[in-house]
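Working notes, beginning with the structure itself.
Within every chain, numbering begins at 1; the chains are lettered A, B, ... in the order of the sequence lines, protein sequences first and strands thereafter. In this text, all values refer to a predicted model and were calculated from it rather than measured experimentally.
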Amino acid sequence: MSEKISVVYHELYDAYGPQGWWPLVEHDGTNPTKTGAISGYHVGDYTFPRTKKEQFEICLGCFLTQNTAWTSVERSLLNLKKLHALSPQRIMEMDDKIFTEAIKPSGYHNQKSRYIKKFIPFFLALDEHVPTRTELLELLGVGPETADSMLLYAFKQPEFVVDTYTKRIFIQVGLIREKTSYDIVKSMCEVALKNEILDQDRLIVAYQEFHALLVEHAKRHYSKKPYGENCFLQMFDDK
DNA sequence: TTCCAGGCAATAC
DNA sequence: GTATTGCATGGA
């Protein structure tokens with residue numbers, strides 16, 4: 001099973017190349033091969049986030065992208081940028097209604113606004129401390145995917161991110177069943193990559209790329225039914 | 001018009 | 001413990 005996941009990772013990497021996640025609005029890099037991308041991807045540069053502000057922007061994106069297309073999230077982030085409100089301090093100073101209005105394009109804005117306003121004191125209190133997964137999961141609006149996304153992309157911790165796309169692809173190629181739990185899928189991916197990548201920093205990069213690659217592949221072949229049309233991964237469906 | 005998007009909390013069984 | 005349901009905008 002580990003071997004098969006590894007094959008999936010390498011097939012996707014060969015097909016699409018490095019993805020440059022997590023996108024940042026203030027970074028002007030692009031990846032023209034990416035579906036639905038406007039800007040902000042930093043392909044091949046794994047030095048991000050380089051500041052607390054960039055780290056915060058990633059956390060913000062983790063909330064905003066819950067069940068929402070990234071293009072919509074980007075619209076919200078650009079609204080905030082225009083208001084000079086891409087920092088935790090500025091958002092706390094802002095009127096709730098103005099903040100909520102700014103993130104309206106990404107949907108569920110009333111709940112996401114509350115989640116983020118409650119998250120900010122937690123974020124500021126961290127200072128240089130890296131939060132644990134458990135600490136994050138205790139926060140309102142932070143479930144397993146949001147926690148892992150923050151840990152992997154904002155805090156550079158070796159925590160694999162599973163999303164609906166990941167499960168959809170894995171079901172199609174016969175790796176899991178419909179009801180396989182989040183934690184099981186996460187663990188399967190982590191074990192598979194740990195087996196072949198011993199260096200910690202490279203492992204984190206591989207986690208980052210694998211998740212991004214699964215999203216990219218799913219956007220192309222698993223967004224509309226029937227899922228998996230023209231998906232080249234199914235050719236490796238032999239074990 | 002209908003379906004879907006880089007989920008989560010609250011509630012029901 | 002697992003299964004539903006509400007949350008909401010914007011694009012295909």
(message) Determine whether the aromatic ring of A/W70 stacks with the base of B/dG6, defined as ring centroids separated by less than 5.5 Å and ring planes inclined by less than 30°.
(response)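 Per 5.5 Å and 30° rule: yes, stacked.
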
(request) Evaluate whether the aromatic ring of A/F63 and the six-membered ring of the B/dG7 base sit under 5.5 Å apart, centre to centre, with an inclination under 30°. (result)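 No, aromatic ring not over the base.
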
Taking [atom1] from [X] and [atom2] from [N], how many angstroms apart are they, rounded to a whole number?
| X | N | atom1 | atom2 | answer |
| --- | --- | --- | --- | --- |
| A/N67 | C/dG6 | CG | P | 15 Å |
| A/Y222 | B/dG6 | OH | P | 16 Å |
| A/E178 | C/dA3 | CD | C1' | 13 Å |
| A/I169 | B/dA5 | CD1 | P | 12 Å |
| A/D183 | C/dT2 | CG | C1' | 15 Å |
| A/K112 | B/dA5 | NZ | C1' | 9 Å |
| A/F210 | B/dG6 | CZ | P | 17 Å |
| A/Q66 | B/dA9 | CD | C1' | 10 Å |

Under 4.0 angstrom, heavy atoms only, what part of the nucleic acid is [X] near: base, sugar-phosphate, or nothing?
| X | result |
| --- | --- |
| A/R168 | sugar-phosphate |
| A/K225 | sugar-phosphate |
| A/T166 | nothing |
| A/Y115 | sugar-phosphate |

[N] to [M] separation - [atom1] atoms, rounded to the nearest Å:
| N | M | atom1 | answer |
| --- | --- | --- | --- |
| B/dA5 | C/dA8 | C1' | 12 Å |
| B/dT1 | C/dA12 | C1' | 12 Å |
| B/dC3 | C/dT5 | P | 16 Å |

(request) In sequence, state the C-alpha distance, the side-chain angles, and the governing distance for A/D183 and A/R133, and then conclude on salt bridge (Lys or Arg N to Asp or Glu O under 4.0 Å). (result) CA-CA 12 Å; A/D183 290 335; A/R133 191 167 190 267; 3.7 Å; yes

(request) Output yes when at least one side-chain N/O atom of A/T65 is less than 4.0 Å from OP1 or OP2 of B/dA5, else no. (result)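 No, no such contact exists.
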
Is there a donor-acceptor contact under 3.5 Å linking the side chains of [X] and [Y]?
| X | Y | answer |
| --- | --- | --- |
| A/Y182 | A/D148 | yes |
| A/T47 | A/R50 | yes |
| A/E196 | A/Y9 | no |
| A/K112 | A/T68 | yes |
| A/N79 | A/S76 | no |

(message) Among residues 136-158 of chain A, which ones have heavy-atom contacts with DNA chain C below 4.0 Å?
(response)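 Output list: empty, so none.
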
(message) Less than 4.5 Å apart, side chain to side chain, heavy atoms only: is that true for A/Y222 and A/H217?
(response)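 Yes - at least one pair of side-chain heavy atoms lies under 4.5 Å apart.
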
Among [options], the one nearest [X] by side-chain distance:
| X | options | value |
| --- | --- | --- |
| A/Y227 | B/dG6, B/dC4, C/dA8 | B/dC4 |
| A/Q111 | B/dG6, C/dA8, B/dC4 | C/dA8 |
| A/N110 | B/dC4, B/dG6, C/dA8 | C/dA8 |

(message) For the NZ atom of A/K81 and the CD atom of A/E74, what is their distance to the nearest 0.5 Å?
(response)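 Reported value, rounded in 0.5 Å steps: 10.5 Å.
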
(message) I want to check a possible cation-pi pair here: A/K194 against A/Y207, using under 6.0 Å from ring centre and within 45° of the ring axis as the test.
(response)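 No, A/K194 does not sit over the ring of A/Y207.
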
(message) For A/W21 and A/W70, I'd like to know if the aromatic rings sit close, meaning centre-to-centre distance below 6.0 Å.
(response)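 Between A/W21 and A/W70, the centre distance exceeds or equals 6.0 Å.
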
Show the distances under 3.5 angstrom between N or O atoms of the protein and N or O atoms of nucleotides 10-12 of chain C.
residue, atom, partner, partner atom, Å
C/dG11, OP1, A/R75, NH2, 3.3

(message) Can you confirm whether more than 12 heavy atoms, excluding those of A/R220, are under 6.0 Å from its CZ atom?
(response)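 It does: A/R220 CZ has more than 12 such atoms within range.
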
